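Structure record follows, encoded as structure tokens.
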Amino acid sequence: GAVVSQHPSWVICKSGTSVKIECRSLDFQATTMFWYRQFPKQSLMLMATSNEGSKATYEQGVEKDKFLINHASLTLSTLTVTSAHPEDSSFYICSGRTSATNYEQYFGPGTRLTVT
Amino acid sequence: LAKTTQPISMDSYEGQEVNITCSHNNIATNDYITWYQQFPSQGPRFIIQGYKTKVTNEVASLFIPADRKSSTLSLPRVSLSDTAVYYCLVANSMDSSYKLIFGSGTRLLVRP
């Protein structure tokens, strides 16, 4: 199956700083990428959907000015958590989808963010 | 988007067959049923997808009755490494604008 990578796999940052998470589709061109957030013992929550070259569409309740998403190419999307706070500590997972495989969605390994 | 309902948790023993049922009463005509597996601190992994009747691959089988209002993921002879959370999702994956919304999932614990 297609492979999605994320970098970093884990990051610790101080409250008030910003942190960027990269999501790459390694062997396919992801026309659409998704960002999810997952708190301990909970399910994945969809944050936003982004299409290459377009602005991301955020789910209700997700602050677009706090979670900046850029999908500049068919193989790279980034999520920047701005002015991070401890409550932003979570597991962030991206996924990519391509029409080449009937829109099957492939997930990255996730990034653990801890804000101190 | 069709909502799914699954048992919160299940227990099993090594070597047993495990069947996890998912209810999706409002499934639409063009929706497919997809199951994902997730281990702690990892992204979800695709297990199997189906539209109707039965689908089988090297790791699982998926049974879908004629009315498609439910589906059952069958894991033959589970091992300790099958301990994970299993998510059932329904969506029209052929629709370029669809998005996967995860429900609560089923926590499967396989005991020695």
Side-chain angles (χ1 to χ4, degrees), chain A residues 1-10 21 23-25 30-52 54 56-60 62 89-114, chain B residues 1-10 20 22-24 28 30-51 55 57-60 62 83-109:
Chain A
V3 180
V4 175
S5 71
Q6 288 184 235
H7 178 78
S9 55
W10 59 270
I21 301 170
C23 174
R24 294 182 184 272
S25 55
T31 50
T32 305
M33 285 188 169
F34 305 86
W35 286 94
Y36 293 82
R37 179 168 56 177
Q38 186 175 34
F39 293 107
K41 303 294 186 182
Q42 294 187 23
S43 184
L44 287 78
M45 185 192 80
L46 180 64
M47 299 176 67
T49 303
S50 72
N51 292 298
E52 185 262 341
S54 303
T57 301
Y58 292 80
E59 294 298 303
Q60 190 173 8
V62 178
S89 297
S90 189
F91 191 55
Y92 292 87
I93 305 169
C94 74
S95 69
R97 189 173 70 200
T98 172
S99 60
T101 55
N102 292 327
Y103 299 108
E104 187 171 326
Q105 197 162 327
Y106 302 96
F107 288 83
T111 297
R112 174 74 59 192
L113 170 63
T114 301
Chain B
L1 293 173
K3 182 178 179 181
T4 60
T5 303
Q6 304 174 231
I8 296 296
S9 64
M10 293 182 69
I20 306 174
C22 177
S23 173
H24 28 80
N30 295 325
D31 284 343
Y32 281 72
I33 301 157
T34 309
W35 286 79
Y36 283 88
Q37 175 192 55
Q38 187 184 28
F39 297 112
S41 297
Q42 293 188 27
R45 184 176 75 101
F46 172 89
I47 300 175
I48 197 166
Q49 183 183 71
Y51 183 80
V55 179
N57 62 23
E58 62 275 10
V59 298
L62 178 60
T83 292
V85 179
Y86 292 82
Y87 294 97
C88 161
L89 297 96
V90 291
N92 180 4
S93 58
M94 298 302 174
D95 178 357
S96 60
S97 63
Y98 93 97
K99 50 189 178 182
L100 288 179
I101 303 297
F102 283 77
S104 58
T106 297
R107 290 185 175 275
L108 173 64
L109 173 62

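In the text below, chain A, chain B and the rest are named by the order of the sequence lines, each starting its count at 1. Quick caveat, the model's predicted, so the values are computed rather than measured.
- Of the listed residues (B/P44, B/G43, B/G105), the greatest number of heavy-atom pairs within a distance under 4.5 Å of chain A belongs to B/P44.
- One distance of note links CG of A/L44 with OH of B/Y36; it measures 10.5 Å at 0.5 Å rounding.
- No part of B/Y32 comes within reach of chain A, as not one of its non-hydrogen atoms sits under 4.5 angstrom from that chain.
- B/T34 does not touch chain A: none of its heavy atoms, backbone or side chain, sits under 4.5 Å away.
- Neither the backbone nor the side chain of B/Q49 comes within contact range of chain A; no heavy atoms are under 4.5 Å apart.
- For the atom pair A/Q38 CD and B/Q42 CD, the distance stands at 11.5 Å (nearest 0.5 Å).
- Taking the six-membered ring where the residue is Trp, B/Y98 and A/F34 present tilted rings, their angle falling between 30° and 60°.
- Proximity to chain A is limited to the side chain of B/R107, based on heavy atoms less than 4.5 angstrom apart.
- To the nearest 0.5 Å, atoms CD (A/Q105) and CG (B/L89) are separated by 9.0 Å.
- Remark: aromatic rings of B/Y87 and A/F107 are distant, center separation not under 6.0 Å.
- When heavy atoms are compared at a cutoff of 4.5 Å, A/Q6 does not approach chain B at all.
- When all heavy atoms of A/S43 and B/S104 are compared, the pair lying nearest together is CB-CA, 4.2 Å.
- For the atom pair CG (A/L46) and CG (B/L100), the distance works out to 9.0 Å, reported to the nearest 0.5 Å.
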